[in-house]
Amino acid sequence: MINVVVAGARGNMGSEAVKMVNSDSNFELVAVVDIGYDGMKMKDVPGMMDLDVPVYEDIAECFQKVECDVLIDLTAPEAGKRHMLAAFDYGVRPVVGTTGFSEEDVKELSDIAAEKKIGAIIAPNFAIGAILMMKFSQMAARYMPNVEIIEQHHDRKLDAPSGTAVKTAQMIAEVREAQKQGHPEEEEQLPGARGADFQGMKIHSVRLPGLVAHQEVIFGGEGQTLKIRHDSLNRTGFMPGIKLACETVLKLDVLVYGLEHIIE
Ligand SMILES: NC(=O)C1=CN([C@@H]2O[C@H](COP(=O)(O)OP(=O)(O)OC[C@H]3O[C@@H](n4cnc5c(N)ncnc54)[C@H](OP(=O)(O)O)[C@@H]3O)[C@@H](O)[C@H]2O)C=CC1
Ligand SMILES: O=C(O)C1=N[C@H](C(=O)O)C[C@H](O)C1
């Protein structure tokens, strides 16, 4: 039995993760972490499942009070990093879907995990289709290095660009020389018109109500374009990836950044 704590349990993703953990006989939901309901039981919190599971606001207190093997974090960047540091302090293995970490954050957390020999997973996207979209994009970039990324999300999203867009750009950068794209003398008439820049790749972030999570990677070549697109239509599509990460993290003694390293 794997004892699991879910942080961000009231959220879009956290509430779905709670359902997944609660319905899997390999997992025991031992506590949840969220803001505003400290000391209560889940069943007494509006919108939470009818479970006799304690709610904590302070993650350190949570780890002191319950036996936990794996922390699933689906919160916000500052909280996600703080929760990971606390997990390392208490020997708990973090599975983190929270996005918005800098490359320096990931490096710092990787160093701590390696030093303490505690397995951890940060996955900017848990959906298998999104992992394939990133891998296919990396493959295509070898042959078509002119590429722009358009990500589209719901308008409650805090970070831009999305973690998936950043990870896609990082994976493409592994196989593509940095290069400036577009006209060498192009000028933005409105600041931001050409999007964010990652080693010459442009990333465009769309935020609108009605969207969930979508990304198109567009490659341009002489006389042709290639578009690789993934759409998340709801949050259940992320759950098999979270389940796999929770099972795999127990076998790791380093931090793995990206589910593509687990789904070979
Ligand atoms: N890796 C993946 O596959 C996916 C990752 N994500 C990422 O997961 C994260 C959560 O997304 P989503 O569920 O849509 O967001 P929500 O805003 O719906 O949920 C976040 C939850 O975390 C809570 N929270 C925020 N700060 C803290 C804190 N300091 N301590 C405890 N709880 C906290 C929020 O409380 P309150 O509402 O009071 O602020 C809320 O309940 C985001 O970073 C998102 O990018 C999302 C989808 C897929
Ligand atoms: O906030 C979201 O919703 C999502 N966030 C992740 C990201 O930033 O890439 C994953 C997915 O796109 C949904």
Side-chain angles (χ1 to χ4, degrees), residues 5-20 31-38 42 45-48 55-62 71-87 94-101 105-106 121-131 133-134 149-171 196 203 205-217 229-246 256-260 262-263:
V5 167
V6 176
R10 273 186 310 117
N12 291 318
M13 279 292 283
S15 54
E16 209 55 59
V18 162
K19 274 192 239 161
M20 183 276 289
V32 299
V33 173
D34 213 309
I35 298 172
Y37 299 91
D38 192 40
M42 283 183 75
V45 177
M48 277 196 180
V55 183
Y56 294 93
E57 191 156 324
D58 180 39
I59 197 130
E61 186 190 350
C62 172
L71 165 72
I72 299 174
D73 191 275
L74 297 158
T75 56
E78 181 276 324
K81 184 174 176 188
R82 192 160 40 75
H83 291 170
M84 280 191 84
L85 292 171
V95 166
V96 177
T98 303
T99 53
F101 296 133
D105 289 333
V106 175
I121 294 174
I122 298 178
N125 203 309
F126 285 110
I128 180 67
I131 305 300
M133 176 254 302
M134 290 186 254
I149 299 170
I150 304 175
E151 56 95 341
Q152 304 184 0
H153 281 83
H154 57 92
D155 63 352
R156 302 289 84 205
K157 185 161 180 59
L158 292 173
D159 54 314
S162 72
T164 307
V166 173
K167 188 70 165 95
T168 307
Q170 289 168 339
M171 286 172 66
I203 306 180
S205 297
V206 178
R207 297 290 177 265
L208 286 172
L211 292 171
V212 179
H214 318 262
Q215 180 168 295
E216 194 160 279
V217 187
R229 182 180 173 102
H230 177 257
D231 295 277
S232 277
L233 307 175
N234 59 42
R235 272 96 185 173
T236 56
F238 299 109
M239 295 306 130
I242 296 186
K243 174 177 156 57
L244 175 69
C246 289
V256 169
Y257 172 50
L259 215 62
E260 70 279 5
I262 290 169
I263 303 167

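Only this structure's heavy atoms are used, side chains among them; waters, hydrogens and symmetry mates stay out. First listed ligand is number 1; within each ligand, the first listed atom is number 1.
- Counting heavy atoms under 4.0 Å from ligand 2, residue Thr164 touches it through both backbone and side chain.
- For atom 19 (O) of ligand 1, the closest non-hydrogen atom of the protein is Gly11 CA, 3.2 Å.
- Here the closest non-hydrogen pair linking Phe126 and Leu259 is O-CD2, 3.8 Å.
- When only interatomic distances are considered, the shortest N/O to N/O separation between Lys157 and ligand 1 falls below 3.5 Å.
- Below 4.0 Å from some heavy atom of Ala213 lie the following atoms of ligand 2, by number and element: 11 (C), 12 (O), 13 (C).
- To the nearest 0.5 angstrom, Arg207 atom CZ is 9.5 Å from Gln152 atom CD.
- The shortest N/O to N/O separation between Ala123 and ligand 1 falls below 3.5 Å.
- Ile35 CD1, 3.9 Å is the protein heavy atom nearest to atom 25 (C) of ligand 1.
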Step by step, work out the side chain to side chain donor-acceptor pair (under 3.5 Å) result for Thr164 and Glu151. CA-CA 8 Å; Thr164 307; Glu151 56 95 341; over 6 Å; no
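- With contacts defined as side-chain heavy-atom distances shorter than 4.5 Å, the pair Val33/Val5 qualifies.
- At a 4.0 Å heavy-atom cut-off, ligand 1 touches His83 through the side chain alone.
- Under a 4.0 angstrom heavy-atom cut-off, Gly163 registers as lying outside contact with ligand 1.
- Residue-level proximity to ligand 1 for Arg156 is absent, since no heavy atom of it falls below 4.0 angstrom.
- Using a 4.5 Å cut-off on side-chain heavy atoms (C-beta onward), Gln170 and Tyr257 make contact.
- Considering OG of Ser232 and NE2 of His153, their distance stands at 7.5 Å, rounded to 0.5 Å.
- Scanning all heavy atoms of the two residues, the minimum distance from Phe101 to Lys81 falls at CE2-N, 3.5 Å.
- Counting atoms of ligand 2 from 1 in the listed order, those under 4.0 Å from a heavy atom of Asn125 are 10 (C), 11 (C), 12 (O).
- The CE atom of Met13 lies 8.0 Å from the CZ atom of Arg235; values are rounded to the nearest 0.5 Å.
- Ranking protein heavy atoms by distance to atom 1 (O) of ligand 2, first place goes to Lys157 NZ, 2.9 Å.
- Those atoms of ligand 1 with a heavy atom of Asn125 less than 4.0 angstrom away are 1 (N), 2 (C), 3 (O).
- Here the heavy atom of the protein found nearest to atom 34 (C) of ligand 1 is Asp34 OD1, 3.7 Å.
- The His153 neighbourhood of ligand 2 comprises atoms 2 (C), 3 (O), 4 (C), 11 (C), 12 (O), 13 (C), with distances under 4.0 Å to a heavy atom of that residue.
- Taking OG1 of Thr236 as the reference point, atom NZ of Lys19 lies at 8.5 Å (rounded to 0.5 Å).
- Contact annotation for atom 22 (O) of ligand 1: protein present (non-hydrogen atoms, distance under 4.0 Å).
- With values rounded to the nearest 0.5 angstrom, Thr98 atom OG1 is found 11.0 Å from Glu78 atom CD.
- Atom-to-atom distance recorded for His214:NE2 and Leu208:CG is 9.5 Å, nearest 0.5 angstrom.
- By the 4.5 Å heavy-atom criterion applied to side chains, His83 and Pro94 are not counted as neighbours.
- Heavy-atom minimum distance, Asp34 versus Gly11: OD2-N, 4.2 Å.
- When all heavy atoms of Gly237 and Asn234 are compared, the closest pair comes out as N-OD1, 3.5 Å.
- Inclusion of His154 in the set of residues having an N or O under 3.5 Å from an N or O of ligand 1 is not warranted.
- Looking at Pro124, Ala123, Gly163, it is Pro124 that brings a heavy atom closest to atom 10 (C) of ligand 2.
- Contacts with ligand 1 closer than 4.0 Å are made by no heavy atom of Ala130, backbone or side chain.
- With respect to atom 20 (C) of ligand 1, the closest heavy atom belonging to the protein is Leu74 O, 3.7 Å.
- Set against the non-hydrogen atoms of Thr99, the atoms of ligand 2 under 4.0 Å away are 6 (C), 7 (C), 8 (O).
- Each of the atoms 9 (C), 10 (C), 20 (C), 22 (O), 32 (N), 33 (C), 42 (C), 43 (O) of ligand 1 lies under 4.0 Å from some heavy atom of Thr75.
- Below 3.5 Å of separation, one finds no N or O of Arg235 facing any N or O of ligand 1.
- Ligand 1 has no nitrogen or oxygen under 3.5 angstrom from a nitrogen or oxygen of Gly14.
- Taking atom 45 (O) of ligand 1 as the reference point, the nearest protein heavy-atom neighbour is Thr99 OG1, 2.5 Å.
- Of the heavy atoms in Lys167, none comes closer than 4.0 Å to ligand 2.
- Side-chain contact between Met239 and Ile242 is present, with heavy atoms from C-beta onward closer than 4.5 Å.
- Here the shortest heavy-atom pairing between Gly163 and Thr99 reads CA-CG2, 3.8 Å.
- In terms of protein heavy atoms, atom 37 (O) of ligand 1 is closest to Arg10 NH2, 3.8 Å.
- When side chains are defined from C-beta on, Tyr56 does not count as touching Val32, because their heavy atoms never get closer than 4.5 Å.
- Between Gly97 and ligand 1, an N or O atom pair is found at a separation short of 3.5 Å.
- Shortest contact from atom 3 (O) of ligand 1 to any protein heavy atom: Phe126 N, 2.8 Å.
- In this structure the side chain of Val6 reaches within 4.5 angstrom of the side chain of Ile72, judged on heavy atoms.
- Checking only distances, Asn12 does come within under 3.5 Å of ligand 1, N or O to N or O.
- Proximity of His154 to ligand 2 is established by a heavy-atom distance of less than 4.0 Å.
- In this structure, the protein non-hydrogen atom closest to atom 13 (O) of ligand 1 is Met13 N, 2.8 Å.
- Close approach of ligand 1 to Arg82 is summarised as follows: ligand atoms under 4.0 Å from at least one heavy atom of the residue are 29 (N).
- The nearest pair of heavy atoms linking Lys167 to Gly258 is CE-CA, 3.8 Å.
- Near Ala79, with a cut-off below 4.0 Å to any heavy atom, the atoms of ligand 1 are 27 (C), 28 (C), 29 (N).
- Within the 4.0 angstrom cut-off, atom 17 (O) of ligand 1 has no protein heavy-atom neighbours.
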